[in-house]
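Read the structure below first, then the notes.
Atoms within each ligand, like the ligands themselves, are counted from 1 in listed order. Along the sequence shown, the residues carry numbers beginning at 1.
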Amino acid sequence: MSLESVFSEALKEYGFDINDIYELESDPGLGNGGLGRLAACYLDSLATLDYPATGFTLRYEYGLFRQKIVDNTQAELPDFWLDSGDVWMMQRSEQIFYINMGGHVRENWNNGKLEIEYIDSTTFEAVPYDIMISGAINEGVALLRLWRATANAKFDMNSFSRGDYDTATRATAAAELITKVLYPTDSHIQGKQLRLSQQYFLVSASLQNIINNHINNFGTLDNFEKKAAIHINDTHPALAIPEMMRLLLDVYGYSWDDAWKKTVASMAYTNHTVLSEALETWDIELVKGLLPRIYMIIEEINRRFTKTLEETGNQSMLPNTSILWHNRVKMANLCIIGCHSINGVSKLHSEIIKDSIFKDFYCLYPKRFTNVTNGIAHRRWLNGANPRLSGFITELIGNNFYVDASNLSKLTNYVGNNGVLDALAKIKQENKNDFASYMQKNSDVIINPNSRFDLQVKRIHEYKRQLLNVLKIIHLYLGICDSPNLNFTPQTFIFGGKTAESYYHAKRIINLINNLSDEIKDDKRTRDKLAVVFLENYNVTLAERIIPAAEISEQISLAGKEASGTSNMKFMLNGALTLGTVDGANVEILEKVGAENMFTFGIRSEDVAVEWSRGYSASSLYSSDKYIKRIIDKLRDGIGGTSFSDIATYLTVGIGGVADPYMCLRDFKDYLRAHNYADQTYKDARKWNDMSLINIAKAGFFSADRSIEEYAKSIWNLEKYHK
Ligand code: OAK
């Protein structure tokens, strides 16, 4: 509403700083990482671009845990975000829906029509809470609807009236468990019944809601697929497909063929990962037990699909494409069979899914596959998070980039302009100073604002290779110890990120980073040149503070593993230079800025499988490369007083699997080369600032507005409210 300065002034008169007020509101930690954050960015664009849209999610009482670093390792504390977060939510008790789970079903044929009777099932109530997402420049509003689970009030009343308070309260507690807490596993499935209940609860409430609205508007579902588009954000809401079928068949009386046409025509699916451990599969018995009717429908979908495969002579595709396989329900297969559109989230990723994990499906349905490269809410990540930079850009090119980020390209007119480059450098320095003061004030961490800020902030995961970054820092550290008088640009390596409580290896990496931080701090030879900082409880609030201060953005996943990445886009938009592999959306960043404005390194995705098949041997790298050997030996000897021999073994011999599964040692040498090149470039401030300017200028493509326009046009066939 452009009223921030008015409020800021008014608050000042009462002795308050508006920033302190902002701090009081906690982040709604309703997701784990990139997947949920992307959805939040998309809601901003949907509202601003005037598209009619609702995002559905669960109103978890406890969001993603609060991370505390205790004895240099991660501890998890509950995140009760609702104490300050629910001021924005409106309960809409008039739109409650009912969801059945458990028990069994009886099929009754009545005059040739099938009627489904639910026996001994439990009915839950889904209560909606709405958060309005206002458009930035218009009157558009998108809705975020969060469902809270509770016991069926009618059922409760019966128990109460019988005086059976125990049953009544037990039922409420069991129901409320469904939306109690967000599962903290990212890119890894946990096959728990409660998680499956959450998924079904979300899709059933949301679909009943969508269908109900449609009936209210049109009085029929005959035109449903022409008026509604349902998007499945990874496979977590995949049960929307059989649930849609259930509603059309059992409640609205459509034939199978008509119901199926409607379902496929209205549903679209985005895949957000190729990691096999993240591809959801559910135990058949679990699905049957919790969702008997849904399971029957899945079986029928699969029976018809399998029959077509056989009729077309494609039986050999069965192992990869069947929904039911080896006692598991494969959710991605369900999505591909049940959706008219399937997309990856960067050009490279969309090619990889066609060539590898969904290859057979691509042969069967080539027209369904497409790409939509991710984007970020540039108004949040530039205008909101970095007012200095956005103010300066406005002085240079006007404020049209706020509405249309492609206008940022006008900044290329200032390449080589010393006045502009100096101003950019000054802004970066001020943002660094601010961040250093913030850290000192809020967590007693001292950061030298005159060192180079090098960041890797994201979930901690083997494939993202925080370990590779650590190996490099150990190398630099040992180098300074060898030659303390060598000219060395002071550098601060900043890490941040959470990992699931159960992910042992990632927790060890957090431990290693914190120990390394201590050892370097305690060493007189290195402490003024090198620093490692682990930001506790990395979240959106912290990201908004640190990204504007970043100079190097580490995007160093093993090629082929990061579907897209979105922090890479946020960093570039704020003028950081990318040190990265040719992976995910880095590929498109490279395309936009050119190789001369990015520091790339590492194996290419198409070569990874080739190297494995040739017998990639990490242990021979250990024996042949004296730098690698020294670093691994140092891990064994100890960092910060603790031996990390388990990590040394993981890299060289393997722990219950192959050695160095994400090829850290394979890419180490080339990573060092790219780092050294970045280091040399940094010494030439003019060149560095020019590169930084070009990165900002080319970031417009990565606005979520562009992604949403692509979804609206090519997948949803969606029109704006006001044409
Ligand atoms: C998490 C769990 C299961 C499946 C995917 C994820 C996930 O977070 N994927 C991430 O999605 C982001 C948004 O598309 C991408 O930028 C990340 O590369 C991807 O890891």
Counting only pairs under 3.5 Å, give me each side-chain donor-acceptor contact of residues 270-278, with atom names and distances, residues two or more places apart or in other chains.
from	atom 1	to	atom 2	distance (Å)
T270	OG1	H231	NE2	2.6
T270	OG1	N343	OD1	2.8
T270	OG1	Y711	OH	3.4
N271	OD1	T273	N	3.1
N271	OD1	H349	NE2	3.0
N271	ND2	Y269	OH	3.2
N271	ND2	T273	O	3.1
H272	NE2	N233	OD1	2.7
T273	OG1	L275	N	3.1

Show me the side-chain donor-acceptor pairs of residues 569-581 shorter than 3.5 Å, one per line, residues at least two apart or across chains.
from	atom 1	to	atom 2	distance (Å)
N574	OD1	N386	ND2	2.9
N574	ND2	W381	O	3.0
N574	ND2	K570	O	2.9
T581	OG1	Q555	O	3.4
T581	OG1	S557	O	2.7

With a cut-off of 6.0 Å (strictly less than), are more than 12 heavy atoms of other residues, nucleotides or ligands near NZ of K698? no
Using side chain to side chain contact (heavy atoms under 4.5 Å, CB included) as the criterion, list what pairs up with S502, not counting sequence neighbours. T185, A500
Salt bridge (charged side-chain N to carboxylate O under 4.0 Å, His left out) with D44: which of R380, R379, R37? R379
Between ligand 1 and the protein, tabulate every N or O atom pair separated by less than 3.5 Å, reporting distance only.
from	atom 1	to	atom 2	distance (Å)
ligand 1	9 (N)	H272	O	3.1
ligand 1	14 (O)	H272	ND1	2.6
ligand 1	14 (O)	N374	ND2	2.8
ligand 1	16 (O)	N374	ND2	3.4
ligand 1	16 (O)	G565	N	2.8
ligand 1	18 (O)	E562	OE1	2.6
ligand 1	18 (O)	A563	N	3.3
ligand 1	18 (O)	S564	N	3.0
ligand 1	18 (O)	G565	N	3.0
ligand 1	20 (O)	Y463	OH	3.3
ligand 1	20 (O)	E562	OE1	3.1

M663 backbone acceptor or donor facing D660 side chain under 3.5 Å: yes
